[in-house]
Amino acid sequence: MARQFTNIAFTEGVKNAQTRYGSREIYQKFLERQGVSKDLLTDKEIEFIAARDSFYMGTVNSNNYPYIQFRGGATGFLKVLDETTLGFVDFVGNLQYLSVGNLLENDRVFLFLMDYAHRRRLKIWGRAKVIDDNPQLLEQLSDPDYQAEKARVILIQVEAFDWNCPQHIPIRYSEAEVAQIKAPLEERIRELEQKLAQFSPSN
Ligand SMILES: Cc1cc2nc3c(=O)[nH]c(=O)nc-3n(C[C@H](O)[C@H](O)[C@H](O)COP(=O)(O)O)c2cc1C
C-alpha cells in the first residue's frame, strides 16, 4: 500500500501510460519510498487552504463526463474542520445545480487549489455530502462580511491529496495582493510628490 493519492489516481490506465512513456519504474520506486500512509491534512495543507479565496471543484456526471466549476469567496471560505474534513457554503448561482446534481448521484469530488502568486497548487480527492438542512453548520461555515446568498453546505471527506510542482504556473496576483505590493510604492510616490511640491514655482 502507498499514499492514498496513488491508490486513487494511479489507475491501470495511468500505470499503462507510465509504462508506455517510460516513467513506470520511477513512480514504482516513488510508491515504495512513500510507504504506507493515510493522506491526513497537515499544517502545511491547512495553512494553504486557509489562504485561498477560490478553488476549482470537479465532479462526475452520470454520463461519465467530468465537470468543473470555479468557487470563490472570502479568503479562507473553504474551511478545515479536522484533518480529513473540509466544508464550505454553496452560494445561490444560476440554478442549474450541475455540481450539486452530480454530487447527489456520485459523491466523488476533486478540488484544485491554486496559489498563482507563489506558483503552488494542491489537489484534493474526496467524497462530498450536500447538506440542505443544517442552519447551524451553515452559520458556522459562513463569512459574515462576504456578500452572497447562502444556499447550503458542502462537506468533503478528504481521501487523498497531492502537491504539484510550480512548473508552467503563470504568476498572477489578486486585487488584495496587488494592493499590498502597491502600498510601499504609493507611499514613495507621496513622499516624492511632497518633495517636488517644495520646488514648484508657487513656493
Ligand atoms: C444570476 C447568475 C447567473 C450566472 N450565470 C452563470 C453562467 O452562465 N455560467 C456559469 O458558469 N456560471 C454562472 N453563474 C455562477 C454559477 O451559478 C455559480 O458559480 C454556481 O456555483 C454554479 O454551480 P454549478 O455550475 O455547479 O451549477 C451565475 C450566477 C448567477 C448568480
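Hydrogens, waters and symmetry mates play no part in the numbers below; they use all other heavy atoms, side chains included. As the structure lists them, so they are numbered: ligands from 1, and atoms in each ligand from 1.
Checked against side-chain hydrogen bond (donor to acceptor under 3.5 Å, both in side chains), Gln18 has the following partners two or more places apart in sequence or in another chain: Arg24. Under the side-chain hydrogen bond (donor to acceptor under 3.5 Å, both in side chains) criterion, Ser62 pairs with Glu105, sequence neighbours left out. In terms of the side-chain hydrogen bond (donor to acceptor under 3.5 Å, both in side chains) criterion, Arg121 has no residue partners (sequence neighbours excluded).
The cationic atom of Arg3 (NZ for Lys, CZ for Arg) lies less than 6.0 Å from the six-membered ring centre of Phe161 and within 45° of the ring axis.
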Return a table of N or O atom pairs, ligand 1 on one side and protein on the other, at distances under 3.5 Å, rounded to 0.1 Å.
{"unit_1": "ligand 1", "atom_1": "17 (O)", "unit_2": "Asn94", "atom_2": "N", "d": "2.6"}
{"unit_1": "ligand 1", "atom_1": "17 (O)", "unit_2": "Asn94", "atom_2": "OD1", "d": "3.0"}
{"unit_1": "ligand 1", "atom_1": "25 (O)", "unit_2": "Tyr67", "atom_2": "OH", "d": "2.5"}
{"unit_1": "ligand 1", "atom_1": "25 (O)", "unit_2": "Gln69", "atom_2": "NE2", "d": "2.6"}
{"unit_1": "ligand 1", "atom_1": "26 (O)", "unit_2": "Ser99", "atom_2": "N", "d": "2.7"}
{"unit_1": "ligand 1", "atom_1": "26 (O)", "unit_2": "Ser99", "atom_2": "OG", "d": "2.5"}
{"unit_1": "ligand 1", "atom_1": "27 (O)", "unit_2": "Tyr97", "atom_2": "N", "d": "3.4"}
{"unit_1": "ligand 1", "atom_1": "27 (O)", "unit_2": "Leu98", "atom_2": "N", "d": "2.9"}

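A salt bridge is absent between Arg152 and Asp133: the closest approach of a Lys/Arg side-chain nitrogen to an acidic carboxylate oxygen does not fall below 4.0 angstrom.
Arg52 places no side-chain N or O within 3.5 Å of a backbone atom of Thr75 that could act as its donor or acceptor partner.
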